Student: 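Below is the structure I would like to discuss, written out as structure tokens.
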Amino acid sequence: MKDTAAVRQEMKTAVLKGFEEKFGSFPDTRVYFAPGRVNLIGEHTDYNGGHVFPCALTIGIYAAARPRQDRKLRFYSMNLTRLGIVETSLDELVPDDSFGWTNYPKGVVYTFIKRGFAIETGFDMVIYGDIPNGSGLSSSAALEVLTGYMLRDIYGFDVDNVGLALIGQDSENNYNGMNCGIMDQFASAMGKKDNAIFLDTATLKYEYVPIVLDGAKLVIANTNKKHKLTDSGYNSRRDECETALRDLQRVVDIDTLGDLTEEQFEKYKDAIQDPICRKRAKHAVYENQRTIEAVRVLKAGNVERFGELMKEAHISISQDFEVTGIELDTLAEEAWKIDGCIGSRMTGGGFGGCTVSIVKDEAIDTFIAKVGAAYKKKIGYAADFYIVEIGNGPCRL
Ligand code: GLA
């Protein structure tokens, strides 16, 4: 695997070159990076006041940017070149599908202004990523955190990284129409090399937990099923959880589903009228408790048990939350069959996207070959596999 510092340097050179080609060469062009993330366990708990356990990756999105004297905003992506240069202005901050990916940085600019930060002049921005787009590794959160980090640096705003995560989430919720929780933006903004973040989404209290996988690695498998969470059942899952919570609040004094233990859920679950909402809430409650246990066993050095909990998490989200589909289920089920696969589950919002697996070093080649072949046979097209490393949050390069 290539050394992260060498990749950073290569990507920096490439994005600067891209900037020069599109917008010219200037001494004050700055380069930034923000990471994607993978969630190890704790899925669809972040908008239910539960715990999550994500980590930032060493892959992500780079930007070369420079402030302008006028109010123009110009964007170019070296990955999504089809859109060409998108030119807009601070006076046109309205979401519009024809603006494609630029709705994310525009949303962040809009949100800074909404929160009282003065942005009077625009900027030029070229981005280049080494993270697959729309694959469930939070390319959109990376782009939001990247834009926030850049705005803070260019305009000198007083906001910390948790603030950048909250602005990213606000922008995704209210500008881009995706009702996500805080997990992805938090993981990108607060990432720490070789650590996952045990985050209580009800209080935003967090703890870094070292991920020590002696003789094993994190392997991501991408279904390559394209998905867009705004079009998927994500927002409806969230509504179903909220309905379940309202029903429960008639019989028990709780603020979120994350307040319940499994025993309490079993005691009060009949208050939830709709059986679908009951299943969704069951997942949210059990997954939150499972995440707490997973972090406890991991801290005690029991990676095997952590792996079993990953499998239980997948089964719960597949059967009770129903956001996996045949693609993610196939990847996970095939992974569980491989000797040397310690654990495997879907990661992220679902409806396509990726699985994350912990695989022993000596089993990785077999894992990729066998899971890959079984997936292709059943689904009809290939999955992609990446061995990933846990990296730091955003930075200026
Ligand atoms: C998406 C959202 C997150 C979280 C996950 C599911 O990634 O952006 O906020 O809800 O789905 O855990």
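Predicted, not measured: the structure shown is a model, and the values here were computed from it.
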Student: How far does CG of L73 sit from OG1 of T88, to the nearest 0.5 angstrom?
Tutor: 6.0 Å
Student: Tell me, which pairs form a side-chain hydrogen bond (donor to acceptor under 3.5 Å, both in side chains) where one or both residues lie in residues 341-359, sequence neighbours left out?
Tutor: E43-R345, S344-S357
Student: Between the side chains of T324 and D329, does any donor sit under 3.5 Å from an acceptor?
Tutor: yes
Student: Is it the case that the side chains of N179 and Y234 hold a donor-acceptor pair, with the cut-off being a distance below 3.5 Å and no angle test?
Tutor: no
Student: Please find the pair of heavy atoms, one from Y381 and one from T223, that lie closest to each other, and give the distance.
Tutor: CE1-O, 3.2 Å
Student: Looking at E308 and R290, is any side-chain nitrogen of the basic one under 4.0 Å from a carboxylate oxygen of the acidic one?
Tutor: no
Student: Say whether Q264 and T261, considering side chains only, have a donor N or O and an acceptor N or O under 3.5 Å apart.
Tutor: yes
Student: With respect to I390, which candidate in V38, N195, L218 satisfies the side-chain contact (heavy atoms from CB on, under 4.5 Å) definition?
Tutor: L218
Student: Looking at residues at least two apart in the chain, or sitting in another chain, which of them share a side chain to side chain donor-acceptor pair (under 3.5 Å) with E242?
Tutor: R238
Student: Taking NZ, NE, NH1 and NH2 as the nitrogens, is one of them in D200 or K205 under 4.0 Å from a carboxylate oxygen of the other?
Tutor: no
Student: My understanding is that a hydrophobic cluster links ILVMFWY residues whose side chain heavy atoms are under 4.5 Å apart, including indirect links. Using that, what else belongs to the cluster containing I276?
Tutor: none
Student: Please go through I315's hydrophobic cluster and name the other residues, only I, L, V, M, F, W, Y counting, with side-chain heavy atoms under 4.5 Å joining them.
Tutor: W336
Student: Quick check: do F117 and D158 have side-chain heavy atoms less than 4.5 Å from each other?
Tutor: no
Student: So how far is it from L137 CG to I59 CD1, rounded to the nearest 0.5 Å?
Tutor: 5.5 Å
Student: Give every residue pair that meets the side-chain hydrogen bond (donor to acceptor under 3.5 Å, both in side chains) criterion with at least one member in residues 358-378, sequence neighbours excluded.
Tutor: K217-D361
Student: Side chains of Q185 and E144: is there a donor and an acceptor less than 3.5 Å apart?
Tutor: yes
Student: Sequence neighbours left out, what pairs pass ring pair (Phe, Tyr, Trp, His ring centres under 6.0 Å) with at least one residue falling in residues 279-312?
Tutor: H283-F321
Student: Determine, for K17 against E20, whether the closest basic-nitrogen to carboxylate-oxygen distance falls under 4.0 angstrom.
Tutor: no
Student: Heavy-atom count check: over 12 atoms from other residues, nucleotides or ligands less than 6.0 Å from Y47 OH?
Tutor: yes
Student: Atom CD1 in I41, atom CD in E293: separation rounded to 0.5 Å?
Tutor: 8.5 Å
Student: With a 4.5 Å heavy-atom cut-off, do K299 and V297 have their side chains touching?
Tutor: no
Student: Ignoring hydrogens and geometry beyond distance, is a side-chain donor-acceptor pair present between N288 and N48 at under 3.5 Å?
Tutor: no
Student: D70: what forms a side-chain contact (heavy atoms from CB on, under 4.5 Å) with it, not counting sequence neighbours?
Tutor: R68, K72
Student: Suppose we screen for ring pair (Phe, Tyr, Trp, His ring centres under 6.0 Å). Which residues come up paired with F23, at least two apart in sequence or across chains?
Tutor: F19
Student: Give every residue pair that meets the ring pair (Phe, Tyr, Trp, His ring centres under 6.0 Å) criterion with at least one member in residues 121-142, sequence neighbours excluded.
Tutor: F75-F123
Student: Just so I know, are the side chains of E92 and F99 near enough to count as touching, which here means a heavy-atom distance under 4.5 Å?
Tutor: no
Student: Once ring pair (Phe, Tyr, Trp, His ring centres under 6.0 Å) is applied, do any residues pair with Y62, and if so which ones, sequence neighbours excluded?
Tutor: F33
Student: So among R66, R74, K22, which one has a side chain to side chain donor-acceptor pair (under 3.5 Å) with D124?
Tutor: R74
Student: Could you check whether K106 makes a cation-pi contact with Y175, meaning its NZ or CZ is under 6.0 Å from the centre of the six-membered ring and within 45° of the ring axis?
Tutor: no
Student: Looking at K337 and E334, does any basic side-chain N land under 4.0 Å from a carboxylate oxygen?
Tutor: yes
Student: Show the numbers, then the answer: is there a side-chain hydrogen bond (donor to acceptor under 3.5 Å, both in side chains) between N79 and N133?
Tutor: CA-CA 9 Å; N79 301 93; N133 284 319; 5.6 Å; no
Student: Do D46 and T201 have side-chain N/O donor and acceptor atoms under 3.5 Å apart?
Tutor: no
Student: Once you round to the nearest 0.5 Å, how far does NE2 of H44 lie from CD1 of I317?
Tutor: 4.5 Å
Student: Rounded to the nearest 0.5 Å, what separates atom NZ in K311 from atom OG in S316?
Tutor: 14.0 Å
Student: For the atom pair CD1 (I85) and OG (S77), what is the distance rounded to the nearest 0.5 Å?
Tutor: 12.0 Å
Student: Residues in ring pair (Phe, Tyr, Trp, His ring centres under 6.0 Å) with Y206, at least two apart?
Tutor: F186, Y208
Student: According to side-chain contact (heavy atoms from CB on, under 4.5 Å), who are the partners of A216, at least two apart in sequence or on a separate chain?
Tutor: L213, I342, I358
Student: Could you check whether the rings of F198 and F53 sit parallel, tilted or perpendicular, using 30° and 60° as the cut-offs?
Tutor: perpendicular
